[in-house]
Participant: 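I have a structure here, written as structure tokens, and I will follow up with some questions on it.
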Amino acid sequence: MFKGAADNKAEAVMSELVPETRPKPAVPMKPVGMNPNLLGYIGIDTIIEQMRKKTMKTGFDFNIMVVGQSGLGKSTLVNTLFKSQVSRKSAGWSRDDKIPKTVEIKSISHVIEEGGVKMKLTVVDTPGFGDQINNENCWEPIEKFINEQYEKFLKEEVNIARKKRIPDTRVHCCLYFISPTGHSLRPLDLEFMKHLSKVVNIIPVIAKADTMTLEEKTEFKQRVRKELEVNGIEFYPQKEFDDDLEDKTENDKIRQESMPFAVVGSDKEYQVNGKRVLGRKTPWGIVEVENLAHCEFSLLRDFVIRTHLQDLKEVTHNIHYETYRAKRLNENGGLPPVSAENEESHDSNI
């Protein structure tokens with residue numbers, strides 16, 4: 001009896017000494033992986049989801065320009081890139097057609113949607129480029145067009161009552177098509193890229209790469225890279241715009257191995273090993289567009305759309321447009337350019 005009472009007393013003392021185990025709080029004071037200065041979960045990480053929802057509502061713009069001689073498959077490649085008829089095909093020059101005396105600029109816009117995300121895609125074509133006997137300064141209309149889009153954006157930006165969302169017609173990317181000669185770049189290629197690389201993101205591509213053997217393709221790519229380096233031509237992604245070591249490592253691999261992309265475009269499907277694939281039919285078999293063993297189209301698509309599309313837009317806005325904007329403001333004595341419409345509204349207010 002006395003022994004039982006003593007045991008109960010001892011147990012009571014022990015329970016006072018050893019605190020009762022309690023469940024852990026739902027939000028720990030200093031969670032693993034969180035800033036030690038934070039006392040709990042705030043929700044900063046939801047900003048990504050907020051941005052995603054807003055982008056899905058408003059959509060976004062992407063403007064791509066294609067430049068190169070007729071017959072290099074520019075329209076076909078763009079249609080293959082976006083898997084839709086976004087660029088009109090040129091049937092080439094017939095006997096009744098006259099080759100334009102100057103370079104023409106033609107823009108076609110489409111809204112394409114995938115997974116609930118809308119994109120207004122504008123394809124800018126340049127028929128007539130490099131098709132004349134005398135191609136001197138034939139890049140000037142293209143450079144003028146690109147600068148006109150910057151000017152249009154700048155005038156909208158400096159308006160007192162500007163639009164909530166300024167229409168963006170600036171060229172974010174220029175695919176420059178190189179003829180698959182296997183020898184070297186033409187003087188016209190070098191002059192164009194030398195002038196235009198200062199105002200737009202240029203991505204050089206070797207067109208109709210299936211006309212070369214694998215050895216010829218490798219040698220030609222190396223020769224093109226060397227010529228661009230010797231002539232001081234910067235193509236996208238530019239070395240000085242790499243943000244960090246990770247970007248530099250990724251972009252160095254693209255610059256040193258992938259550029260220029262040797263591509264084949266086709267919007268026709270063929271049956272290969274029980275699968276429907278995009279390809280070009282030859283007497284020797286089917287050249288599969290999305291097969292890396294056949295061409296580098298899938299590398300170009302991933303680069304332009306899946307990994308660098310947003311960066312192309314940011315470099316256009318933060319580098320090329322800002323350079324143009326600073327130049328125009330300096331020319332105007334630090335004042336924004338005044339359009340005829342602004343002058344009229346200013347006069348009416350007076």
Participant: I want to check something: taking the side chain as every heavy atom from C-beta on, are Val205 and Leu300 in contact at a cut-off of under 4.5 Å?
Facilitator: yes
Participant: For residues Ile105 and Glu148, determine if any side-chain heavy atom of one lies less than 4.5 Å from a side-chain heavy atom of the other.
Facilitator: no
Participant: Quick one: does Thr122's side chain have a donor or acceptor within less than 3.5 Å of a partner on Asn63's backbone?
Facilitator: no
Participant: Are the side chain of Lys152 and the backbone N or O of Thr169 linked by a donor-acceptor pair below 3.5 Å?
Facilitator: no
Participant: Would you say Glu143's side chain and Leu196's backbone share a donor-acceptor pair under 3.5 angstrom?
Facilitator: no
Participant: Any link between Phe235 and Leu72 through a network of hydrophobic side chains (Ile, Leu, Val, Met, Phe, Trp, Tyr) touching at under 4.5 Å?
Facilitator: yes
Participant: Do you see a donor-acceptor pair shorter than 3.5 Å between the side chains of Gln50 and Thr46?
Facilitator: yes
Participant: Got a second to check how far Ile108's CD1 is from Lys106's NZ, nearest 0.5 Å?
Facilitator: 8.5 Å
Participant: Does a donor on one side chain and an acceptor on the other come within less than 3.5 Å for Asn201 and Thr316?
Facilitator: yes
Participant: Quick one: are Lys57 and Lys118 in side-chain contact, heavy atoms under 4.5 Å?
Facilitator: no
Participant: List the atom of Glu234, the atom of Ser197, and the distance in Å for their closest heavy-atom pair.
Facilitator: O-CB, 3.2 Å
Participant: Stepwise, does the side chain to side chain donor-acceptor pair (under 3.5 Å) test hold for Asp302 with His308?
Facilitator: CA-CA 8 Å; Asp302 292 352; His308 285 69; over 6 Å; no
Participant: Any side-chain heavy atom of Phe60 within less than 4.5 Å of one from Lys120?
Facilitator: no
Participant: Determine yes or no for a side-chain-to-main-chain donor-acceptor pair under 3.5 angstrom, with Arg301 supplying the side chain and Phe82 the backbone.
Facilitator: no
Participant: Do the non-hydrogen side-chain atoms of Asp242 and Asp244 ever get within less than 4.5 Å of each other?
Facilitator: no
Participant: Is there a donor-acceptor contact under 3.5 Å from the side chain of Arg255 to the main chain of Pro237?
Facilitator: yes
Participant: Give a yes or no answer on whether the side chain of Asn231 reaches the backbone of Ile233 with a donor-acceptor pair at less than 3.5 Å.
Facilitator: no
Participant: Just checking Glu49: does its CD atom have more than 12 heavy atoms from other residues, nucleotides or ligands closer to it than 6.0 angstrom?
Facilitator: yes
Participant: Check the pair Phe303, Phe261 against ring pair (Phe, Tyr, Trp, His ring centres under 6.0 Å), reporting the backbone distance first and the verdict last.
Facilitator: CA-CA 10 Å; Phe303 176 64; Phe261 295 98; 5.5 Å; yes
Participant: On a heavy-atom basis, which atom in Leu299 and which in Ser258 lie closest, and how many Å separate them?
Facilitator: CD1-OG, 4.3 Å
Participant: Quick check against the 3.5 Å criterion: does Thr211 have a side-chain atom that pairs as donor or acceptor with the backbone of Lys208?
Facilitator: yes
Participant: Does atom CD (Glu113) have a neighbourhood of more than 12 heavy atoms from anything else shown, all under 6.0 Å?
Facilitator: yes
Participant: Counting distance only, does the side-chain N/O of His294 pair as donor-acceptor with the main-chain N or O of Glu288 below 3.5 Å?
Facilitator: yes
Participant: Check whether Val277 and Leu77 end up in the same hydrophobic cluster, where Ile, Leu, Val, Met, Phe, Trp and Tyr are linked by side-chain heavy atoms less than 4.5 Å apart.
Facilitator: no
Participant: Parallel, tilted or perpendicular: which fits the ring planes of Phe192 and Tyr176, with parallel below 30° and perpendicular above 60°?
Facilitator: parallel
Participant: Could you go through the side-chain contact (heavy atoms from CB on, under 4.5 Å) check for Glu246 and Thr249 one step at a time?
Facilitator: CA-CA 5 Å; Glu246 184 184 350; Thr249 304; 5.9 Å; no
Participant: Answer with yes or no whether the side chains of Asp267 and Asn79 bring together a donor and an acceptor at under 3.5 Å.
Facilitator: no
Participant: Mind listing the closest non-hydrogen atom pair of Gln69 and Gly130 along with its distance?
Facilitator: NE2-O, 3.0 Å
Participant: In the structure I gave you, are the side-chain heavy atoms of Ile64 and His172 within less than 4.5 Å of one another anywhere?
Facilitator: no
Participant: Check Val264 against Val289 and note the closest heavy-atom contact, atom names and distance.
Facilitator: O-CG1, 3.4 Å
Participant: What distance do Glu216 atom CD and Arg223 atom CZ have between them, rounded to the nearest 0.5 Å?
Facilitator: 9.5 Å
Participant: Check this for me, if you would: do Arg276 and Glu269 make a salt bridge, where the nitrogen-to-carboxylate-oxygen distance has to be below 4.0 angstrom?
Facilitator: yes
Participant: Check the pair Arg280, Lys268 against side-chain contact (heavy atoms from CB on, under 4.5 Å), reporting the backbone distance first and the verdict last.
Facilitator: CA-CA 7 Å; Arg280 279 167 56 87; Lys268 292 183 179 178; over 6 Å; no
Participant: Do Ile48 and Leu309 sit in one hydrophobic cluster, given that two such residues count as connected whenever their side-chain heavy atoms are within less than 4.5 Å of each other, even indirectly?
Facilitator: no
Participant: What's the spacing between Lys248 NZ and Phe241 CZ if we round to 0.5 Å?
Facilitator: 15.0 Å
Participant: Does a side chain donor of either His317 or Asp168 reach within less than 3.5 Å of an acceptor in the other side chain?
Facilitator: no
Participant: Report the distance from atom CG of Asp210 to atom CD1 of Ile286, rounding to the nearest 0.5 Å.
Facilitator: 11.5 Å
Participant: With hydrophobic residues grouped by side-chain heavy-atom distances under 4.5 Å, do Val124 and Val111 end up in a single group?
Facilitator: no
Participant: So do the side chains of Tyr150 and Arg170 get within less than 4.5 Å of each other, counting heavy atoms only?
Facilitator: yes
Participant: Hydrophobic clustering (ILVMFWY, side-chain heavy atoms < 4.5 Å, transitive) - are Ile305 and Val66 grouped together?
Facilitator: yes
Participant: Can a donor-acceptor pair be found, under 3.5 Å and without considering hydrogens, that links the side chain of Glu296 to the backbone of Val263?
Facilitator: no
Participant: Could you give the distance from NE2 (His320) to OH (Tyr236), rounded to the nearest 0.5 Å?
Facilitator: 9.5 Å
Participant: How far apart are the closest heavy atoms of Cys138 and Pro141, and which atoms are they?
Facilitator: O-CD, 3.4 Å
Participant: Would you check if Phe220 and Pro260 make a side-chain contact, meaning some heavy-atom pair closer than 4.5 Å?
Facilitator: no
Participant: Set out, in order, the CA-CA distance, both residues' side-chain angles and the distance that settles salt bridge (Lys or Arg N to Asp or Glu O under 4.0 Å) for Glu156 and Lys163, then state yes or no.
Facilitator: CA-CA 7 Å; Glu156 287 284 352; Lys163 297 172 183 175; 3.7 Å; yes
Participant: Determine, stepwise, if the pair Ser75 / Asp125 fulfils side-chain contact (heavy atoms from CB on, under 4.5 Å).
Facilitator: CA-CA 8 Å; Ser75 299; Asp125 200 358; 4.0 Å; yes
Participant: Please find the pair of heavy atoms, one from Ala209 and one from Lys217, that lie closest to each other, and give the distance.
Facilitator: CB-CD, 4.5 Å
Participant: Applying side-chain contact (heavy atoms from CB on, under 4.5 Å) to Phe62 and Val304, what does each step give before you reach the verdict?
Facilitator: CA-CA 11 Å; Phe62 187 62; Val304 172; 4.2 Å; yes
Participant: Which value, rounded to the nearest 0.5 Å, describes the distance between Leu121 atom CG and Asp61 atom CG?
Facilitator: 10.0 Å
Participant: Using only heavy-atom distances, determine whether the side chains of Tyr324 and Gln149 contain a donor-acceptor pair under 3.5 Å.
Facilitator: no
Participant: Step by step, work out the salt bridge (Lys or Arg N to Asp or Glu O under 4.0 Å) result for Glu151 and Arg325.
Facilitator: CA-CA 8 Å; Glu151 182 71 16; Arg325 177 178 167 276; over 6 Å; no
